[in-house]
Amino acid sequence: MRDGVDGRAGALLAWYDAHARDLPWRVPPGRADRPDPYRVWLSEVMLQQTTVAAVRGYFERFTTRWPTVAALAAADDADVMGEWAGLGYYARARNLLKCARVVAGMGGFPQTRAGLQELPGIGPYTAAAIAAIAFDAPEVVVDGNVERVMARMFRIETPLPRAKPEIREKAASLTPDARPGDYAQAVMDLGATICTPKSPACGICPWMDHCRARAAGMAAELPKKEPKKAKPTRYGIAYVGRRADGAWLLERRPERGLLGGMLGWPGAEWGEVAQEAPPAAAIWRDIGVEARHTFTHFHLYLGIRTATLPMDCVPERGEFVSRHDFRPSDLPTVMRKVFDLARDAFETVE
DNA sequence: TATCCGTGGCA
DNA sequence: TTGCCAAGGAT
């Protein structure tokens, strides 16, 4: 690491002092106090592959309901999963709880990158980011923003992910020893507001005079990426059962795999063809419309069956959740889509 | 190393 | 409508 004597780190920090985004987990630049490690950790996990706009509301709700890592550690699993519903990548929520319980047992967060990276859900990026932002450690923080900015600054035309080692070297060469937390956040703010993936605003960039891609007129073309695979389509059927007293028949999904640990409507595994698998003996009605949803690596068409179940119903799969306890917002998005369509069908019948 | 794992916004 | 993209981690 260097100290930024060439002026680039200093120029970026000066820009950050004037233009830092106001974010609820952040301490504004220039202040001596450090941010709460709990809030830094929570925000960093939520922000993994997720936009600031999507995270804001979740962060506010989590920190209101669980203001400390000890409070979160004591929470019920189902409450945390429900509060995370809709944010995606649900392994993050499961690891969040595991991590909170380890940290609460330790009496606080480790203050080094190596110590942080031992914890569930904290990888190389997040460990470096927490160490730098919360504990002022001089770590090299490399995320998607940094990769994009470095690829442009140094005109790296090797496609990602092959370019990662070279990008890391360049990132390390620019990282200053002073104010590492502010510097890390400054590069991310630069990537989020100026050095954006499409149509970068090079004309107002604090690094415009240092950027080789801009000099070549190709900033928007970098970084290059390997072509992506086409998404296949899968099919399935979801069973939305409502008991006579208004309770809903739901199923907790397995801990591992897609939507792991989340609530969902019973049904057979999704595949190349939809398979009928009613979770209880009843007259199931095809509502005639499908829920469409696209996951990271496949499209899904989900047929929907509804039934009114008797009070003495003993389902083969799933459990009844009372009308009072059921919150549609506890469902992952695809299951929420199914519910919205099924509810319309129930109301149409009645 | 490659694959799996969500979602919503936007061009 | 379709594809792309966002502060990655686990296996």
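Reminder, nothing fancy here: chain letters follow the sequence lines and each chain counts from 1. What you see below is based on every heavy atom in this structure, not just the backbone, and it leaves out hydrogens, waters and symmetry mates. Keep in mind the model is a prediction, meaning the values are calculated, not measured.
Taking atom OH of residue Y90(A) and atom P of nucleotide dC4(B), one finds them 19 Å apart after rounding to whole Å. One can place CZ of R56(A) at 15 Å from C1' of dA6(C), the figure rounded to the nearest angstrom. Rounding to whole angstrom units, CD of residue E44(A) and P of dA6(C) are separated by 16 Å. One interatomic measurement links the two molecules: OH of Y58(A) to C1' of dG6(B), which rounds to 10 Å at whole-angstrom precision. Distance CZ (F295(A)) to C1' (dT3(B)): 17 Å, rounded to an integer number of Å. One can place OH of Y89(A) at 12 Å from C1' of dA10(C), the figure rounded to the nearest angstrom. If you take NZ of K98(A) and P of dG9(C), they are 15 Å apart, rounded to a whole angstrom. The interatomic distance linking R336(A) (CZ) with dG6(B) (P) rounds to 18 Å, in whole Å.
Among the protein residues, K228(A) comes within range of the sugar-phosphate backbone only, with heavy atoms under 4.0 Å from sugar or phosphate atoms but none that close to a base. Across all strands, I130(A) comes closer than 4.0 Å to no nucleic acid atom at all (heavy-atom distances). If you check every strand for non-hydrogen atoms under 4.0 Å, R148(A) touches sugar and phosphate atoms only. Within 4.0 Å (heavy atoms only), R256(A) reaches sugar-phosphate atoms of the nucleic acid but no base atom. At the heavy-atom level, W84(A) lies nowhere under 4.0 Å from the strands shown. In this structure, K164(A) reaches neither bases nor backbone, as no heavy-atom distance under 4.0 Å exists between it and the strands shown.
In the region residues 118-126 of chain A, proximity to DNA chain C at under 4.0 angstrom, judged on heavy atoms, holds for P120(A), G121(A), I122(A), G123(A), P124(A), Y125(A), T126(A). Annotation: proximity of residues 257-274 of chain A to DNA chain C (heavy atom, distance under 4.0 Å) is found for no residue.
Side-chain N/O atoms of R92(A) and Q48(A) include no donor and acceptor closer than 3.5 Å. Residues Y125(A) and E44(A) have side chains that bring a donor and an acceptor to within less than 3.5 angstrom of each other. In summary, the side chains of K231(A) and H297(A) do not present any donor paired with an acceptor at a separation below 3.5 Å, with no hydrogens or angles considered.
Among dC5(C), dA10(C), dG6(B), the nucleotide with an atom closest to any side-chain atom of P197(A) is dC5(C). Considering only the side chain of Q48(A), dG8(C) comes nearest among dT7(B), dG8(C), dT3(B). Residue H297(A) has its side chain nearest to dC4(B) when only dT7(B), dC4(B), dA6(C) are considered.
The phosphate of dT2(C) (OP1 or OP2) has no side-chain N or O of K231(A) nearer than 4.0 angstrom.
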Starting from the C-alpha separation in whole Å, work towards a yes-or-no answer on salt bridge (charged side-chain N to carboxylate O under 4.0 Å, His left out) for R253(A) and E251(A).
CA-CA 6 Å; R253(A) 296 175 62 87; E251(A) 191 169 46; over 6 Å; no
Nucleotide N/O of nucleotides 8-11 of chain B paired with protein N/O under 3.5 Å:
none

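Placement of V146(A) and L13(A) within a single hydrophobic cluster is found when ILVMFWY residues are connected by side-chain heavy-atom separations under 4.5 Å, directly or transitively.
Judged by closest nucleotide on DNA chain C, W25(A) is the one of N95(A) and W25(A) placed further toward the 5' end. Between P161(A) and P332(A), it is P161(A) whose nearest contact on DNA chain B lies nearer the 5' terminus.
Judged by the 6.0 Å and 45° rule, R34(A) forms no cation-pi pair with F135(A). The cationic atom of R61(A) (NZ for Lys, CZ for Arg) lies less than 6.0 Å from the six-membered ring centre of Y58(A) and within 45° of the ring axis. For the pair R234(A) and F298(A), the cation sits on the ring face: its NZ or CZ lies under 6.0 Å from the ring centre, inside 45° of the axis. For the pair R292(A) and W270(A), the cation does not sit on the ring face, since its NZ or CZ is not both under 6.0 Å from the ring centre and inside 45° of the axis.
With hydrogens and angles disregarded, a donor-acceptor distance shorter than 3.5 Å links the side chain of R252(A) to the backbone of G261(A). A donor-acceptor pair under 3.5 Å is formed between the side chain of W207(A) and the backbone N or O of R8(A).
If you take atom P in dG6(B) and the same atom in dT11(C), they sit 14 Å apart, rounded to whole Å.
Side-chain rings of H299(A) and Y301(A) stay apart, their centers remaining 6.0 Å or farther from each other.
The aromatic rings of F326(A) and W248(A) sit tilted relative to each other, their planes meeting at an angle between 30° and 60°.
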